[in-house]
2 protein chains.
Amino acid sequence: MDEQERMEQGTGETLHPDLISSVNQDMPDEEMLYDLAELFRIFGDSTRIKILYVLFEAEMCVCDIAELLRMTQSAISHQLRVLKQSKLVKFRREGKTIYYSLADDHVRTIIGMGMEHLCE
Amino acid sequence: MDEQERMEQGTGETLHPDLISSVNQDMPDEEMLYDLAELFRIFGDSTRIKILYVLFEAEMCVCDIAELLRMTQSAISHQLRVLKQSKLVKFRREGKTIYYSLADDHVRTIIGMGMEHLCE
DNA sequence: ATAACATATGAACAGATGTTCAAATGAAAG
DNA sequence: CTTTCATTTGAACATCTGTTCATATGTTAT
């Protein structure tokens, strides 16, 4: 076993102690990574993805979305609540009906990235 | 109910029928949207996000990652399996140890997009 | 006021998900 | 072969998640 091998395999405690302490310093704080995961978790449900996709094209009221996706209005409303809390959609009231739309262009970009990854 | 009522759209049928049929035609097929959601679901867990983040910096073996994240090697292995199946990480064997690394640059881009959305 | 309608909400349930634990591979060394 | 080490795997468990159902809120019209 030569010197290089010895460096790589370490002595017993850890396999690559230098690498570990080096990477440890560059890690963003716990909370940010948690928030990041939480953001992606929102996109990680096909009902929500469909809602966002549908809102790509136009603002829409709850019952429109419900019919488009052939789901109950309640289910859609629950998911819109999640999307609202994550600031991914916004809404405006017009009489009895409430129109939802995408909050900003990041949604488009993020979903676009996902599409690109799939089409390979 | 009579015919006149039916024609007048007051029957509770739909709020915006034209919009619905228009958007309906532009919808990608069900399966693609499902796959898209599934891709994002992978990013939607903080353990997996941390693993990916750590692999930004260097290829690493399972026990390194486990120590960096202060988690059991088993938990890490289970998650690496998920990431492997989604083609987000790749690996190579070198003796007893297995080195994992990012499969391609899409991972970086997608996570980057998420970061951008958060920092607003 | 009441009725009709669009949406929201809470509780409950089934199914999915992440971690742990114990045991099983698989590879190198003695 | 046996031991040791790095990793994988399966089952069990507790937690989380999405939908449904029934009910509540809020708005407009009668």
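What you see below is based on every heavy atom in this structure, not just the backbone, and it leaves out hydrogens, waters and symmetry mates. Remember, predicted model here, so these are calculated numbers, not experimental data. Numbered from 1 within each chain, the chains take letters A, B, ... in sequence-line order.
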**Asked** Out of A:Val89, A:Leu55, A:Leu102, A:Ile42, which one pairs with A:Val107 under the side chain to side chain contact (heavy atoms under 4.5 Å, CB included) rule?
**Response**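 Testing A:Val107 for a side chain to side chain contact (heavy atoms under 4.5 Å, CB included) against A:Val89, A:Leu55, A:Leu102, A:Ile42 leaves exactly one candidate, A:Leu102.
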**Request:** Identify which one of B:Asp64, B:Leu68, B:Ile51 satisfies the side chain to side chain contact (heavy atoms under 4.5 Å, CB included) criterion when paired with B:Ile76.
**Result:**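 It is B:Ile51, the one option of B:Asp64, B:Leu68, B:Ile51 that forms the side chain to side chain contact (heavy atoms under 4.5 Å, CB included) with B:Ile76.
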**Request:** Not counting sequence neighbours, which residues clear ring-ring contact (aromatic ring centres under 6.0 Å, His included) with B:Tyr34? List them please.
**Result:**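 ring-ring contact (aromatic ring centres under 6.0 Å, His included) list for B:Tyr34, sorted by chain: empty.
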**Asked** Looking at C:dT19, D:dT17, C:dG26, which one has an atom nearest to any side-chain atom of B:Arg93?
**Response** C:dG26
**Item:** Nearest-neighbour nucleotide for the B:Ile98 side chain, D:dT20, D:dT8, C:dA8 considered
**Value:**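 When the side chain of B:Ile98 is considered, D:dT8 is the closest of D:dT20, D:dT8, C:dA8.
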**Prompt:** Is any N or O donor-acceptor pair between the side chain of B:Ser74 and the base of C:dC21 shorter than 3.5 Å?
**Reply:** yes
**Message:** At less than 3.5 Å, do the side-chain atoms of A:Gln73 and the base atoms of C:dA6 form a donor-acceptor pair?
**Reply:** no
**Prompt:** When all nucleic acid strands are considered with a 4.0 Å heavy-atom cut-off, which category describes A:Phe91: base, sugar-phosphate, or nothing?
**Reply:** nothing
**Request:** Could you tell me whether B:His16 and A:Tyr99 have their ring centroids closer than 6.0 angstrom?
**Result:**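 For B:His16 and A:Tyr99, the ring centres are under 6.0 Å apart.
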Residue-phosphate contact under 4.0 Å: [X] side-chain N/O, [N] OP1/OP2:
X: B:Tyr100; N: D:dA6; answer: no
X: B:Gln79; N: C:dT19; answer: yes
X: A:Thr72; N: D:dT20; answer: yes
X: A:Tyr99; N: C:dT7; answer: no

**Request:** Check the distance between C:dT17's C1' and B:Glu38's CD and give it to me in whole angstrom.
**Result:** 13 Å
**Pi stacking test for A:His78 and D:dT19: under 5.5 Å apart, planes under 30°** = no
